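Here's the structure we're looking at; comments come further down.
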Protein chains: 2
Amino acid sequence: MTNNHAPDDTDTTTLTIDEGSVPAPSKRRLESRRRILAAARQLFVERGYHGTRPQDISKAAGVGHGTFYLHFADKLECFLAFAEEASKELEMFGEQHHTHEAQTLKEGVHEILSVIFNYSEENPGVLAAAMTDINVLATEEMDMPMPDQRWAEQWGDNVKEWQAKGEVAADIDPLFAGHVLLGMIRQVGSYGARAETTKEEVLEKLTQAMIRMLTD
Amino acid sequence: MTNNHAPDDTDTTTLTIDEGSVPAPSKRRLESRRRILAAARQLFVERGYHGTRPQDISKAAGVGHGTFYLHFADKLECFLAFAEEASKELEMFGEQHHTHEAQTLKEGVHEILSVIFNYSEENPGVLAAAMTDINVLATEEMDMPMPDQRWAEQWGDNVKEWQAKGEVAADIDPLFAGHVLLGMIRQVGSYGARAETTKEEVLEKLTQAMIRMLTD
DNA sequence: GCTGAATCTGACAATTTGTCAACTCACGAT
DNA sequence: ATCGTGAGTTGACAAATTGTCAGATTCAGC
């Protein structure tokens, strides 16, 4: 398998301008990539990883079959790019929908979860994929931390801040808690998408469960 | 794709004797299947789903390439069988290592987690696969509940019992909590396999986190 | 408009998945 | 012990998919 796609020092996620070292990708190239990723997203969510083929993706994207391989080495890499993209989107979604500075731990947790739930509602199935434990798909070391790991760490940072304010129990390891919280969100997200229950109810219950876990 | 493998009414997991309706599979057939599943397990754990091919599995199993398809329709079905097998193993492992009736909620949780952690130590990577959210691989309805769903429900049953004894907060929805607990275990299992920390430490922290989540 | 680099395309090569006629093996009948 | 038979397996080959790359197309700069 030969790697035909762009040089690895190109930021393969957003293809932003990297002053001086690599020329900016053309609009054309960006557009092709965008279309491929959009098609990939739809198919991964609809059919799952197993049932999605590179040829399906390129066809749905309206590009030549070989074009897929100019952008991604294989299906896995395309999947990882999709997950990364979704992760970034959630971040931006959160920034856009940030309403006010939380006064309490409960408000803080509730607000973050609301963002996640609202994003999920608008993009069914996307977060489930983005938060995938990549280890099941592939076991080799990844070039960068995966979205789920980064989120766990971010939650860990949040816990550390709340702990500094005395809102979270002092004996809790923030990073550990970050992972625990991520696990909760992941599973409840999956369960909530299936169960006969409302988003609001799940949101309240999950907030409650998380608060309990974090406090004495 | 034609389905060449045994009639669907055969229990494809353990191929137990089904009195009267289907003849028992021969030793030879059981042995082939066992070897395929053993090879599949090793490869799925080593390489992940993406990097494992049916031809790799049949080769590692020491059976003909076509034999794979006599037992499983495709890679996904083989993976699901592996996950199911691992799930059953954990159950049996738990039964064999059940030491005593828990006196407190903490002991109960600690004991169940010990079983899970001990099994994981003896079978690295297997539980991660067995507890996979199958939805990422495939989105169609499965014929039976997946291992992760069943575990969540089992934890839900445990929570209900503990609740009846007044050990778990009365306002907690047992099934919801079951899913939350599963999510915690899953993520912490993944984190613990990677982090520079001891099994005992992770076990203690997770027990603590779970108790907090379940109590006032 | 011309040019050349960037990018794409799809035919074809390479590889993998899936099929099935031929073969093997285990078991029961004689 | 031998033989017949059906279950189960095999691997050559068909079908499908992944991956490659020479030729084609596009587009920005002059």
Side-chain angles (χ1 to χ4, degrees), chain A residues 1-7 9-10 12 15 17-18 21-37 39-40 43-44 47-79 137-138, chain B residues 1-10 12 15 17-18 21-40 43-44 47-79 137-138:
Chain A
M1 185 192 77
T2 308
N3 186 353
N4 286 324
H5 66 277
D9 55 358
T10 303
T12 59
L15 292 171
I17 298 174
D18 191 0
S21 60
V22 185
S26 68
K27 285 186 185 177
R28 188 168 162 222
R29 187 177 172 81
L30 286 173
E31 176 64 11
S32 292
R33 184 185 165 88
R34 184 195 65 76
R35 294 170 69 165
I36 292 172
L37 275 178
L43 292 174
F44 282 131
R47 303 184 184 178
Y49 189 83
H50 174 78
T52 300
R53 304 170 299 176
Q55 70 187 287
D56 298 324
I57 295 172
S58 54
K59 189 172 180 183
V63 300
H65 175 49
T67 305
F68 178 87
Y69 296 95
L70 293 180
H71 294 263
F72 306 103
D74 56 18
K75 184 165 79 166
L76 179 64
E77 189 170 308
C78 184
F79 184 84
L137 292 182
Chain B
M1 184 193 76
T2 307
N3 185 352
N4 286 325
H5 65 277
D8 280 346
D9 56 358
T10 302
T12 59
L15 291 172
I17 298 174
D18 191 0
S21 61
V22 184
S26 68
K27 286 188 187 176
R28 189 165 162 226
R29 186 176 173 82
L30 285 172
E31 176 64 11
S32 293
R33 183 184 166 90
R34 184 194 67 75
R35 294 170 69 167
I36 293 171
L37 275 177
L43 292 174
F44 282 133
R47 303 182 181 181
Y49 189 84
H50 175 77
T52 300
R53 303 169 300 177
Q55 70 186 290
D56 300 324
I57 295 173
S58 55
K59 188 171 179 182
V63 301
H65 175 48
T67 304
F68 179 87
Y69 295 95
L70 293 179
H71 293 264
F72 307 102
D74 55 18
K75 184 165 77 167
L76 179 64
E77 190 171 308
C78 185
F79 183 85
L137 293 182

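Because the structure is predicted, anything quoted here is derived from the model rather than measured. Convention: sequence-line order gives letters A, B, ...; per-chain numbering from 1.
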Between Lys27(B) and Thr67(B), whichever has its closest DNA chain C nucleotide further toward 5' is Thr67(B)
Any side-chain N or O of Ser32(A) below 4.0 angstrom from OP1/OP2 of dC8(C)? yes
Under 4.0 Å from OP1 or OP2 of dC8(C): is there any side-chain N or O of His71(A) that close? yes
Test salt bridge (charged side-chain N to carboxylate O under 4.0 Å, His left out) applied to Arg28(B) - qualifying residues, sequence neighbours left out: none
Heavy-atom side-chain proximity of [X] to [Y] below 4.5 angstrom:
X        : Y        : value
Ile36(A) : Phe68(A) : yes
Tyr69(B) : Pro54(B) : yes
His71(B) : Glu77(B) : no

Distance (rounded to the nearest 0.5 Å) between Leu30(B) CG and Leu37(B) CG: 11.0 Å
For Ser26(B), answer base if it contacts any base atom (sugar-phosphate contacts may also be present), sugar-phosphate if it contacts only those atoms, and nothing otherwise; contact means non-hydrogen atoms under 4.0 Å. sugar-phosphate
When the distance from [atom1] of [X] to [atom2] of [N] is rounded to whole Å, what number comes out?
X        : N       : atom1 : atom2 : value
Tyr69(B) : dT10(D) : OH    : P     : 14 Å
Phe72(A) : dT20(D) : CZ    : P     : 16 Å
Arg28(A) : dC27(D) : CZ    : P     : 6 Å
His50(B) : dT18(D) : NE2   : C1'   : 11 Å
Phe68(A) : dA11(C) : CZ    : C1'   : 19 Å
Arg29(A) : dC8(C)  : CZ    : P     : 6 Å
His65(A) : dA11(C) : NE2   : P     : 11 Å
Leu30(B) : dA7(D)  : CG    : C1'   : 13 Å

Among dG18(C), dT9(D), dT9(C), the one nearest any side-chain atom of Asp74(B) is dG18(C)
Output the residues of residues 54-63 of chain B in contact with DNA chain D, where contact means a heavy atom of the residue under 4.0 Å from an atom of the strand; sort by number or write none. Val63(B)
Within the side chain of Arg47(B), is there an N or O that forms a donor-acceptor pair under 3.5 Å with the backbone of Thr52(B)? no
Once you measure the plane-to-plane angle for Phe44(B) and Tyr49(B), does it fall in the parallel (<30°), tilted (30-60°) or perpendicular (>60°) bin? parallel
